[in-house]
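When a ligand or atom number is given, it counts from 1 through the structure's own listing order. Heads up: numbering here begins at 1 and tracks the sequence.
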Amino acid sequence: MERIAIASDHAGRELKEDLKEFLKVLGAEVMDMGVNNDTAVDYPDYGSPLAEKVSNGEVPKGILVCGTGIGMSILANKFKGVRAALVNDVYTARMAKEHNDANILVIGGRIAGKGLAREMTRAWLEAKFEGGRHQRRLDKITEIEKRNNKK
Ligand code: RB5
């Protein structure tokens with residue numbers, strides 16, 4: 001399995017640690033990008049370095065965890081080429097890959113239990129992007145991204 005980066009703020013740290021172990025069991029090479037203690041931090045400080053690595057192709061995919069997952073998903077989607085999907089159920093996690101080719105999975109550490117978070121992660125990792133009409137839609141998003149970056 002390919003390399004996968006993972007990061008969280010303090011509110012997502014416990015879940016991040018559990019997912020890290022799960023990813024290793026699945027055979028992934030995990031890059032832990034913090035946070036590594038329970039002191040309150042600002043999620044952009046931990047989400048940005050990961051989103052940057054996905055954006056520039058250094059790692060193919062990543063997982064971000066904060067309290068609700070909302071802050072990390074807003075942040076990650078500011079980075080060029082990042083498609084971050086906040087998921088709260090297994091169906092959405094699978095669709096995030098099949099239809100949206102999400103390269104960052106975002107989970108709320110105060111929302112999802114460890115069992116659900118593991119299953120959502122597995123569903124996203126095992127799913128395959130369907131391409132076709134979904135690629136056409138992603139191409140439209142890429143065009144919008146390019147247009148907006150010129151402004
Ligand atoms: C931290 O309290 C919390 O606001 C943060 O983890 C996240 O949920 C933000 O969206």
Which protein heavy atom lies closest to atom 8 (O) of ligand 1, and at what distance to 0.1 Å?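 Among all protein heavy atoms, the one nearest atom 8 (O) of ligand 1 is Thr68 N, 2.9 Å.
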
Backbone or side chain, does any N or O of Tyr43 fall under 3.5 Å from an N or O of ligand 1?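 The answer is no, given that Tyr43 and ligand 1 share no N or O pair closer than 3.5 Å.
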
Has [X] got a side-chain atom pairing as donor or acceptor with [Y]'s backbone, closer than 3.5 angstrom?
X	Y	answer
Asp42	Pro44	no
Asn148	Lys151	no
Asn100	Ala102	no
Ser48	Asp45	no

Side chain, backbone, both or neither: which part of Asp9 comes within less than 4.0 Å of ligand 1 when only heavy atoms are counted?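 Near ligand 1, Asp9 shows its side chain, while the N, CA, C and O stay back.
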
For ligand 1, the portion of Ala11 having any non-hydrogen atom under 4.0 Å away: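 For Ala11, only side-chain atoms sit under 4.0 Å from ligand 1.
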
Is atom 4 (O) of ligand 1 touching the protein, meaning some protein heavy atom lies under 4.0 Å away?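 No, there is none.
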
Atoms of ligand 1 less than 4.0 Å from Arg110 heavy atoms?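 Close to Arg110: 1 (C), 2 (O), 3 (C).
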
Have a look at Asp18 and tell me which of Arg118, Arg13, Lys24, Lys114 forms a salt bridge (charged side-chain N to carboxylate O under 4.0 Å, His left out) with it.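 When Arg118, Arg13, Lys24, Lys114 are each tested with Asp18, the salt bridge (charged side-chain N to carboxylate O under 4.0 Å, His left out) holds only for Arg118.
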
When you measure from the heavy atoms of Met72 to every atom of ligand 1, does any distance fall below 4.0 Å?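 Checking ligand 1 against Met72, which is what was asked, there is no heavy-atom contact under 4.0 Å.
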
SB check Lys140 Glu143 (cutoff 4.0 Å):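 Looking at Glu143 together with Lys140, the answer is no, because their closest N to O distance does not fall below 4.0 Å.
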
Pick, from Gly108, Gly71, Gly67, the option with the minimum heavy-atom distance to atom 10 (O) of ligand 1.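 Selected option, by shortest heavy-atom distance: Gly71.
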
